[in-house]
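First comes the structure, then the notes that go with it.
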Amino acid sequence: MVGRDVRPRVATLLLLLAAAVVIPGVAAQGNSGDNNGNGNGNGNGNGNTTSGGGTTTAPGQLRKLQGQLVFVDYHDGGEGEYALQLVGGGTDDTQQPQSPGNSGGAASSNSNGAGGGPPRQYFKLGGRQKVPRRDKNGQDVEVGQILTIACTVDPTSGQCSSLAPNDVSYLGTAAPPPAVAVHQRVLVLILDAPACGMPAPASVPSVKSVYMGPAFDGKGGLAIRIENCSYGELTWNATAFTVLTVTLPTCTWDTTTCDPFGMANAARTAAYNLLGPAAYGVFTNFHLILSTGLCGWAGLATLGGDQVWLQAQYVSYWPVTLQETVHNFFLYHSYRANIEYQDTSTFMGRGTACPNSPELALLGWASPAGAGGALNAASIPAGAPGVVLPRFQLPATSLTGRGAYVRVLPNWQGSYSNAAAAHNLYLEARVPLGGDAQMSGELQYKLLVHEVNATMDNNLQLYRNYNRRINYLSSFSASNRSVIPSYQLVIYSSNWTGSQHIPKAPSVAATAPAARPSAAAAAAVAAPAPPEVGLLA
């Protein structure tokens, strides 16, 4: 179910998918790509020494750490950085694993643990090359897992001198934070550290207005943006929402490089000391606003976890703040031409638009159109002249998430049996209304097609925290016939229907040719007479 459904009087697009002949040995497009992005970042910080929370680390000390593995992408083409968000002080590996924080829910399940305990500090582990790919029992190590790590702290970096599989024990994987019916209680911290060259970059009232609107009621600003994009499923609790300036007299992090984890540890500890355990313990998510030339990114967030970092000059640019907020739900960047961050159809790329349909589906903010959630060779009948096509009406995603996409599993391709090469397709209709009012002109009034890794997409119970590599593939105009040769697919779409101001999205029909032709032959298939338009597969 998708909340706050707006029944659209929208344009309807009808699609027809035609799967062409299987060509053995032809793989789907690859997923490799560089990390070009909005706001390129620089360096990883050093040192895990923090004030408060029982996490001060003496160089050369043997540490036994337990916590949830989180990750940040610095948007600089590098490998990013991993950290453990520690359970308690993180020094006792006999502790029972505690549920890591989710982005919402009751205070007893937030990232501070039940009862409003001290902030769960971050202990930096370094990049992918420093973190073993498997634990001592051969279990893959991935973000979101609860781990125990034993290591000696390097006197220079403040990180583990080295980590081998025998140093890491997998304790379990936390359930992904739910993104449906979530009302986050956000604490925004403005970092004021003049001694570190980082004076407060904004005032409390100005930040509160940017987030919640001029009346501070959540009916404007960034709050209404995220509410609209999620159809009301993700909101910020206006009563609990708090902005606080934390003034730090000394620097407890490395000020010669960009150290977001060190700054977050210091700021959250200061906030805890100012507010006290009970008041601090009600918050579920934490945003840190800062200004420093040492960090070249516009914003950061932990994949999983509860932390967002924002450079002050980008806070009001809603795609940045919303992207970082949604990273906490294990949603990765979106690709175009297999290049990370280049998809302009979503704020998870470089777009000024709400999420695309694969993202909406993962978050639970949208549902498939009718029986269009898993179209494949069995469910798409053989096509021939006179065949009656099954149809799906797609409302534009800016109007509702209900019945808003079609998902295709092209298992007629030989490559679909290859776990790395197989891809699923998602089709959606987009119009420049609501949260999509500022979307790229090239995508307006179009049917958009994205591809995702099919192995992960078909088993989200196992791969929910992984990167499915959502890749923008193509877009098509209404009342048109288009071909996707790499998937032996022909797409027909009807014209938009509905009012001029609130167009309806495409309808979808699906079939497959009696004998699947080659891609060239598929391209020559004549479009059916209106309204026989839709997906011909």
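The basis for the numbers below is simple: all heavy atoms, side chains too, and nothing from hydrogens, waters or symmetry mates.
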Q. Would Thr346 and Glu359 satisfy side chain to side chain donor-acceptor pair (under 3.5 Å), going step by step from the backbone distance to the final call?
A. CA-CA 9 Å; Thr346 169; Glu359 295 164 347; 2.7 Å; yes
Would you find a donor on one side and an acceptor on the other, under 3.5 Å apart, between the side chain of [X] and the backbone of [Y]?
X: Asp457; Y: Asn453; value: no
X: Arg407; Y: Gly373; value: yes
X: Gln145; Y: Glu142; value: yes
X: Ser367; Y: Gly403; value: yes
X: Asp135; Y: Tyr170; value: yes
X: Thr352; Y: Gln438; value: yes
X: Thr321; Y: Trp318; value: no
X: Gln444; Y: Met439; value: yes
X: Ser291; Y: Gln313; value: no
X: Ser475; Y: Leu448; value: no

Which salt bridge (charged side-chain N to carboxylate O under 4.0 Å, His left out) pairs, counting each pair once, include a residue from [range], with sequence neighbours left out?
range: residues 307-321; result: none
range: residues 323-339; result: Arg336-Glu442
range: residues 308-319; result: none

For the student: nearest non-hydrogen atoms of [X] and [Y], plus distance:
X: Ser206; Y: Ala202; result: OG-CB, 4.0 Å
X: Trp236; Y: Leu222; result: CZ3-CB, 3.6 Å
X: Asp436; Y: Ser398; result: OD2-CB, 3.7 Å
X: Leu191; Y: Ala267; result: CD1-CB, 4.4 Å
X: Phe329; Y: Pro177; result: CD2-O, 3.6 Å
X: Pro260; Y: Leu300; result: CG-CD1, 3.8 Å

Within this structure, what is the [atom1]-[atom2] distance for the pair [X] and [Y], rounded to the nearest 0.5 Å?
X: Asn328; Y: Gln307; atom1: CG; atom2: CD; value: 8.0 Å
X: Asn480; Y: Ser494; atom1: CG; atom2: OG; value: 11.0 Å
X: Leu360; Y: Cys354; atom1: CG; atom2: SG; value: 8.0 Å
X: Asn237; Y: Phe283; atom1: CG; atom2: CZ; value: 9.5 Å
X: Met456; Y: Ile470; atom1: CE; atom2: CD1; value: 11.5 Å
X: Tyr466; Y: Leu303; atom1: OH; atom2: CG; value: 13.5 Å

Q: May I have the step-by-step check of side-chain contact (heavy atoms from CB on, under 4.5 Å) for Lys130 and Leu163, ending in yes or no?
A: CA-CA 7 Å; Lys130 294 186 178 181; Leu163 278 177; 6.0 Å; no
Measure up the [X] and [Y] rings against each other and bin them: parallel (under 30°), tilted (30 to 60°), perpendicular (over 60°).
X: His75; Y: His333; value: tilted
X: Phe71; Y: Tyr82; value: tilted
X: Tyr487; Y: His423; value: perpendicular

Please tell me if the side chains of [X] and [Y] come closer than 4.5 Å, counting only heavy atoms from C-beta onward.
X: Met348; Y: Val326; answer: yes
X: Thr344; Y: Leu443; answer: yes
X: Leu460; Y: Leu362; answer: yes
X: Asn424; Y: Val408; answer: no
X: Ile289; Y: Val188; answer: yes
X: Tyr426; Y: Asn356; answer: no
X: Gln129; Y: Glu79; answer: yes
X: Arg268; Y: Leu189; answer: yes

Q: Measure from the ring center of His450 to the ring center of Tyr472 and say whether it is less than 6.0 Å.
A: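 Yes; Tyr472 has its ring centre under 6.0 Å from that of His450.
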Q. Taking the six-membered ring for Trp, is the centroid-to-centroid distance between Phe261 and Trp309 below 6.0 Å?
A.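 Centroid distance Phe261-Trp309: below 6.0 Å, so yes.
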Are [X] and [Y] close enough that a side-chain donor and a side-chain acceptor fall under 3.5 Å?
X: Gln488; Y: Gln413; answer: yes
X: Trp365; Y: Glu233; answer: no
X: Tyr341; Y: Gln323; answer: yes
X: Ser479; Y: Asn495; answer: no
X: Gln85; Y: Thr302; answer: no
X: Tyr74; Y: Glu81; answer: yes

(Q) Take a 6.0 Å sphere around CZ of Arg134 and say whether it holds more than 12 heavy atoms from other residues, nucleotides or ligands. (A)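 Result for CZ/Arg134: open.
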Q. What's the verdict on side-chain contact (heavy atoms from CB on, under 4.5 Å) for Leu187 and Phe241, showing C-alpha distance, side-chain angles and the deciding distance?
A. CA-CA 6 Å; Leu187 175 60; Phe241 182 83; over 6 Å; no
Q | Val207 vs Ile190, side-chain contact (heavy atoms from CB on, under 4.5 Å): CA-CA, chis, key distance, verdict | A | CA-CA 9 Å; Val207 170; Ile190 302 171; 3.8 Å; yes
Q. Applying disulfide bond (SG atoms under 2.5 Å apart), which residue pairs with at least one partner in residues 408-477 are found, sequence neighbours left out?
A.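 The answer is none; no pair qualifies.
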**Q.** Glu428/Arg430 ion pair, N-O < 4.0 Å
**A.**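 Salt bridge flag = yes for Arg430 with Glu428.
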Q: Kindly determine whether His287 and Tyr211 satisfy ring-ring contact (aromatic ring centres under 6.0 Å, His included), including the steps that lead there.
A: CA-CA 11 Å; His287 294 196; Tyr211 269 81; 5.7 Å; yes
Q: Only counting residues at least two apart or in another chain, list the ones meeting side chain to side chain donor-acceptor pair (under 3.5 Å) with Ser440.
A: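 Ser440 satisfies side chain to side chain donor-acceptor pair (under 3.5 Å) with no other residue.
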Q. By side chain to side chain donor-acceptor pair (under 3.5 Å), which residues pair with Tyr405, not counting sequence neighbours?
A.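 Once residues adjacent in sequence are excluded, Tyr405 has no partner under the side chain to side chain donor-acceptor pair (under 3.5 Å) criterion.
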Q. Stepwise, does the side-chain contact (heavy atoms from CB on, under 4.5 Å) test hold for Leu84 with Gln68?
A. CA-CA 5 Å; Leu84 277 187; Gln68 181 184 12; over 6 Å; no
